[in-house]
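In the text below, chain A, chain B and the rest are named by the order of the sequence lines, each starting its count at 1.
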Number of protein chains: 2
Amino acid sequence: MSSEEHPAPPAAPGKKARLSREIVLSTALTLVDAEGLDALTMRRLGQELGRDPMSLYRYAANRAALLDGVSELVLNELAIIPDDPDWQSQLRRIAHDLRLLALRHPNVVPLLVTRPLSTPLGLRPLGTLRPLEQILSLLIDAGFAPVDALHVYRAYYGYLYGHILNELQEFVVDPEENEALLRLGLHRLPPKEFPRLRALAPVLADYDGMAELDEGITILLSGLAARLPLPEAPAKP
Amino acid sequence: MSSEEHPAPPAAPGKKARLSREIVLSTALTLVDAEGLDALTMRRLGQELGRDPMSLYRYAANRAALLDGVSELVLNELAIIPDDPDWQSQLRRIAHDLRLLALRHPNVVPLLVTRPLSTPLGLRPLGTLRPLEQILSLLIDAGFAPVDALHVYRAYYGYLYGHILNELQEFVVDPEENEALLRLGLHRLPPKEFPRLRALAPVLADYDGMAELDEGITILLSGLAARLPLPEAPAKP
DNA sequence: GCAACTTCTCTACAATGTAGACTGTAGGCG
DNA sequence: CGCCTACAGTCTACATTGTAGAGAAGTTGC
């Protein structure tokens with residue numbers, strides 16, 4: 001699928017241009033971003049595009065495939081360019097990028113996390129696997145043995161995804177009303193059973209996700225580095 | 001369908017006894033375990049219980065609430081008993097327990113991960129929050145300041161969830177056919193674009209999730225311990 | 001036996017994903 | 001130019017879903 005030839009309708013995709021997979025998917029994404037996953041029905045998306053819902057099936061085999069497409073589209077926003085020779089700072093940067101990506105598309109995160117659970121590795125959208133490949137590559141280039149690279153990747157990506165989920169779970173709404181809502185919610189918890197949680201309400205409210213991610217990454221990476229045989233600086237004078 | 005008359009409420013989840021929330025939820029759980037989340041429709045669950053689908057609404061306000069109930073039920077299987085005074089080994093044990101729990105109910109994991117994303121903290125099922133409270137308690141008892149306890153919790157639980165997701169994503173099917181399927185899947189990847197991943201196929205096949213989890217936990221916990229002011233051994237002679 | 005409940009059932013409806021047949025349009029070939 | 005084929009988009013139809021609302025059946029206290 002070397003679909004790259006037509007940069008045709010960049011200016012005004014207005015109303016009646018021919019549909020294309022990219023148009024469909026990006027409209028789907030903006031819909032999801034704006035109104036959540038449930039709003040993404042075939043009918044609704046069709047309406048958004050001014051087309052019959054059935055026309056979508058030319059561009060995605062079914063709803064699940066459409067969701068996969070959206071995940072892929074989002075992950076494509078993540079650029080992994082090996083400009084920095086230091087694998088640690090490289091991974092750190094990617095982590096922050098992915099975090100910001102998730103914050104930009106919070107409604108897509110369930111997809112990113114959930115879809116792979118029901119799709120074997122080899123059958124996933126390629127865009128989904130590209131970060132994995134690139135990070136492996138990055139680590140191997142940095143001097144890790146392939147097996148160890150996989151090792152590092154798993155610990156790193158595991159923590160990263162976990163952190164993102166955690167952070168989004170505490171977020172839920174925009175930070176302005178966050179504190180109020182949070183307190184309101186916590187208020188309902190039985191004090192006898194949840195003293196610690198309730199006491200932490202004010203602290204919960206100002207959660208610096210970026211700082212915590214950074215610290216976790218630091219711990220993990222240095223821990224991994226200390227534990228794995230890495231030929232010091234790579235041969236790149 | 002023999003309509004056995006079991007007046008025993010606790011022993012056997014009989015056939016014609018009065019319904020109860022526990023019966024409904026546990027039947028839902030076994031259904032999900034056996035056939036996946038999609039199989040859990042109101043009609044199907046009703047049929048499984050020999051009751052009209054509508055009767056379920058006495059025990060769960062709607063389908064979402066039912067899913068929450070199932071999450072809660074699963075998380076209740078996780079026992080957090082502070083028998084060990086060492087917080088690190090405590091957390092390590094819990095991590096392994098949760099991992100096994102997830103492997104026992106893989107189809108429920110999407111729920112565990114996804115539902116909190118759309119439910120503010122205070123409105124979640126209590127059973128879902130109990131681990132959080134108990135772990136905080138455990139850490140505070142071990143000498144951490146509440147803020148630091150939260151800190152540790154986040155890094156710990158983040159990594160833990162991430163790892164579980166990772167592991168389940170690579171699993172997908174039972175380990176017997178895993179290797180075959182995996183290779184088959186990877187085979188489809190364009191070699192030019194995914195050389196590293198394809199080369200790692202054999203290694204991917206024997207993934208020791210338990211060992212990797214343990215190592216990650218070790219790194220994280222010792223890193224956290226080194227970084228936070230902890231009054232050594234707690235005052236417990 | 002009656003009355004106030006709770007529990008369970010029946011019927012009905014709107015929304016969803018999607019199959020299958022159809023219409024329109026664009027281009028190639030005589 | 002007229003016809004044929006391929007493909008983009010549409011229309012109709014249907015099975016399946018969650019759930020509202022009214023009622024039936026069963027249980028309990030007097």
Side-chain angles (χ1 to χ4, degrees), chain A residues 1 3 5-6 8-9 13-29 31-32 35-71 107 110-111 114-115 118-119, chain B residues 1 3-9 13-29 31-32 35-71 107 110-111 114-115 118-119:
Chain A
M1 295 277 207
S3 57
E5 52 260 313
H6 280 256
K15 273 274 165 187
K16 264 320 191 186
R18 181 111 82 263
L19 241 40
S20 76
R21 183 151 213 267
E22 282 100 37
I23 295 179
V24 170
L25 289 184
S26 72
T27 311
L29 176 56
L31 182 57
V32 170
E35 307 189 31
L37 275 180
D38 291 343
L40 183 57
T41 71
M42 302 308 256
R43 285 169 166 88
R44 179 69 196 281
L45 182 54
Q47 168 182 330
E48 216 70 28
L49 288 161
R51 289 295 193 305
D52 188 281
M54 278 300 130
S55 66
L56 303 175
Y57 287 87
R58 296 279 149 177
Y59 305 100
N62 49 43
R63 184 163 187 266
L66 202 153
L67 295 179
D68 277 338
V70 171
S71 309
N107 294 333
L111 284 189
T114 279
R115 300 275 328 147
S118 41
T119 323
Chain B
M1 308 287 185
S3 56
E4 190 98 358
E5 266 298 333
H6 268 246
K15 278 275 169 184
K16 253 336 191 182
R18 178 115 81 265
L19 241 40
S20 76
R21 183 150 213 267
E22 283 100 39
I23 295 180
V24 170
L25 290 184
S26 73
T27 310
L29 175 56
L31 182 57
V32 170
E35 307 189 31
L37 274 180
D38 291 344
L40 183 57
T41 73
M42 302 308 257
R43 284 169 166 86
R44 178 69 196 282
L45 182 54
Q47 167 182 331
E48 216 69 28
L49 289 160
R51 290 295 194 302
D52 188 281
M54 279 300 127
S55 65
L56 303 175
Y57 287 87
R58 286 296 130 159
Y59 304 99
N62 49 42
R63 183 164 189 268
L66 203 154
L67 295 179
D68 277 338
V70 172
S71 309
N107 295 332
L111 285 188
T114 279
R115 302 274 328 145
S118 42
T119 323

Legend entry - Minimum side-chain heavy-atom gap B:Met42-B:Leu66 below 4.5 Å: yes
Inset, instruction - Could you check if a side-chain atom of A:Arg51 sits within less than 4.5 angstrom of a side-chain atom of A:Leu56, using non-hydrogen atoms only? - result: no
Legend entry - Separation of atom CG in B:Leu19 from atom C1' in D:dG26, rounded to whole Å: 14 Å
Inset, instruction - Rounded to the nearest 0.5 Å, what's the gap from CG on B:Leu31 to OG on B:Ser26? Could you check? - result: 11.0 Å
Inset, instruction - Mind jotting down which residue pairs meet the side chain to side chain donor-acceptor pair (under 3.5 Å) criterion with at least one end in residues 54-69 of chain B? Sequence neighbours excluded, please. - result: B:Asp68-B:Arg115
Inset, instruction - With the side chain counted from C-beta on, respond yes when B:Leu67 and B:Val32 share a heavy-atom pair under 4.5 Å apart, and no when they do not. - result: no
Inset, instruction - Nearest whole angstrom, please: distance from the P of C:dC8 to the CD of B:Gln47. - result: 17 Å
Inset, instruction - Report the distance from atom CZ of B:Arg51 to atom P of D:dG26, rounded to the nearest whole Å. - result: 12 Å
Inset, instruction - Check whether any side-chain heavy atom of A:Leu45 sits under 4.5 Å from a side-chain heavy atom of A:Pro53, and report yes or no. - result: no
Inset, instruction - Output all residues satisfying side-chain contact (heavy atoms from CB on, under 4.5 Å) with B:Thr41, sequence neighbours left out; order by chain, then residue number. - result: B:Arg43, B:Arg44
Legend entry - A:Leu37 versus A:Asn107, closest heavy-atom pair with distance: CG-O, 3.5 Å
Inset, instruction - Going 5' to 3' through nucleotides 11-20 of chain C, assign each nucleotide B (protein heavy atom under 4.0 Å from a base atom), S (under 4.0 Å only from sugar-phosphate atoms) or - (no protein heavy atom that close). - result: -B---BBBBB
Check the interface with nucleotides 21-25 of chain C: list each N/O to N/O pair with the protein under 3.5 Å, or write none.
none

Inset, instruction - Take the protein atom CZ of B:Arg18 and the nucleotide atom P of D:dA25, then report the distance between them rounded to whole Å. - result: 17 Å
